[in-house]
Amino acid sequence: MSETLVDSKKIDASKRTWLIASGCAGAVGGVATAIPFVSTFQPSERAKAAGAAVEVDIAELKPGEKVTVEWRGKPVWIVRRTPEQVAALAGIDSQLADPKSERKPDELTPEYARNEARSIKPEFFVAVGICSHLGCSPSDKFQTGAQPSLPDDWKGGFLCPCHGSTFDMAGRVFKNKPAPDNLEVPPHMFLSDSKLLIGEDKKA
């Protein structure tokens with residue numbers, strides 16, 4: 001009698017295990033089926049790699065702050081410069097390797113950014129945050145004045161920690177540094193006062 005009871009319990013346990021396993025398999029199948037439908041609402045990795053444009057809300061970006069977004073797998077900086085930082089761009093041409101952004105203009109500087117501020121609006125600077133030397137990412141050095149690895153009359157900008165290249169607040173490289181070129185300004189345009197589109201411009 002007890003043996004029959006034990007056997008029936010074993011059978012019930014076996015059925016229960018089978019039912020649970022079947023249920024889990026069904027649930028997994030349901031999830032697997034749902035994923036393709038969800039993914040169709042998101043940009044594909046191929047689209048991202050091809051350079052799908054990135055829309056950025058800059059409404060909360062305050063003067064003196066920087067935000068970084070990804071475009072084509074690269075870090076793109078958006079800096080909202082203070083009036084003092086914009087003013088500091090003047091009068092240092094003699095210290096810069098390419099003050100007028102004349103080198104590789106088609107690769108590095110769109111026509112609308114071939115100015116002293118290298119921007120559409122002087123207040124906002126947009127650049128790919130990759131040093132033109134060996135591909136390191138420069139660090140923010142917005143504070144002015146003497147600092148380690150920087151000149152005593154430093155007016156703010158960027159320092160590449162790998163080999164010491166320095167750039168001003170418009171991404172223009174200083175003379176006698178390893179980096180041969182200014183930082184790249186990617187195609188971009190303002191959709192509104194608070195919306196910026198990276199990867200497309202009026203010519204696209």
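In this text the structure is predicted, and so the values were computed from the model without any measurement. Numbers for residues simply follow the sequence, beginning at 1.
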Answer yes or no: is there a donor N or O on one side and an acceptor on the other, between the side chain of [X] and the main chain of [Y], under 3.5 Å?
X: Glu200; Y: Ile198; value: no
X: Gln95; Y: Ile92; value: no
X: Asn182; Y: Val173; value: yes
X: Ser132; Y: Asp181; value: yes
X: Glu107; Y: Lys104; value: no
X: Tyr112; Y: Arg118; value: no

Nearest 0.5 Å please: distance from the [atom1] atom of [X] over to the [atom2] atom of [Y].
X: Asp201; Y: Ile120; atom1: CG; atom2: CD1; value: 7.5 Å
X: Glu60; Y: Arg80; atom1: CD; atom2: CZ; value: 10.0 Å
X: Cys162; Y: Leu134; atom1: SG; atom2: CG; value: 8.0 Å
X: Asp140; Y: Leu159; atom1: CG; atom2: CG; value: 10.5 Å
X: Leu196; Y: Ile78; atom1: CG; atom2: CD1; value: 5.0 Å
X: Asp168; Y: Gln85; atom1: CG; atom2: CD; value: 11.0 Å

Check the pair Ile58, Phe124 against side chain to side chain contact (heavy atoms under 4.5 Å, CB included), reporting the backbone distance first and the verdict last. CA-CA 10 Å; Ile58 56 174; Phe124 291 98; 3.8 Å; yes

Applying the side chain to side chain contact (heavy atoms under 4.5 Å, CB included) criterion to Val185, which one of Pro110, Ser101, Ser119 satisfies it? Pro110

Nearest atoms (heavy-atom pairs only) where [X] meets [Y]:
X: Ala117; Y: Phe125; result: O-CD1, 4.1 Å
X: Pro178; Y: Ser165; result: CD-OG, 3.3 Å
X: Gly64; Y: Thr82; result: N-CG2, 3.6 Å

Contacts of type salt bridge (Lys or Arg N to Asp or Glu O under 4.0 Å), residue [X], not counting sequence neighbours:
X: Lys175; result: none
X: Asp93; result: Lys100, Arg172
X: Asp152; result: none
X: Arg103; result: none

Within 45° cone and under 6.0 Å: Lys121 NZ/CZ vs Phe190 ring: yes

Measure up the His163 and His133 rings against each other and bin them: parallel (under 30°), tilted (30 to 60°), perpendicular (over 60°). perpendicular

One thing to verify: whether Glu84 and Lys155 come together as a salt bridge, which I'm taking to mean a side-chain N less than 4.0 angstrom from a carboxylate O. no

Do Asp106 and Arg114 sit within salt-bridge range, that is, some charged N less than 4.0 Å from a carboxylate O? yes

Hey, does [Y] have a side-chain heavy atom less than 4.5 Å from the side chain of [X]?
X: Lys195; Y: Val56; answer: no
X: Glu123; Y: Arg81; answer: no
X: Val128; Y: Leu183; answer: no
X: Val54; Y: Glu70; answer: no
X: Ser137; Y: Ile130; answer: no

Applying a strict under-4.5 Å side-chain criterion to I, L, V, M, F, W and Y, I'd like to know whether Phe167 and Leu96 cluster together. no

Taking it one step at a time, do Val76 and Val126 satisfy side chain to side chain contact (heavy atoms under 4.5 Å, CB included)? CA-CA 7 Å; Val76 174; Val126 181; 3.8 Å; yes

Which residues pass the ring-ring contact (aromatic ring centres under 6.0 Å, His included) test with Phe158, not counting sequence neighbours? Trp77, Phe142

Apply the hydrophobic cluster definition, ILVMFWY joined by side-chain contacts under 4.5 Å directly or through others, and give me every member besides Leu197. Met189, Leu191

Measure the distance from the SG of Cys160 to the SG of Cys131 and say whether it is below 2.5 Å. no

Does atom CG of Asp193 have more than 12 heavy-atom neighbours, drawn from other residues, nucleotides or ligands, at distances under 6.0 Å? no

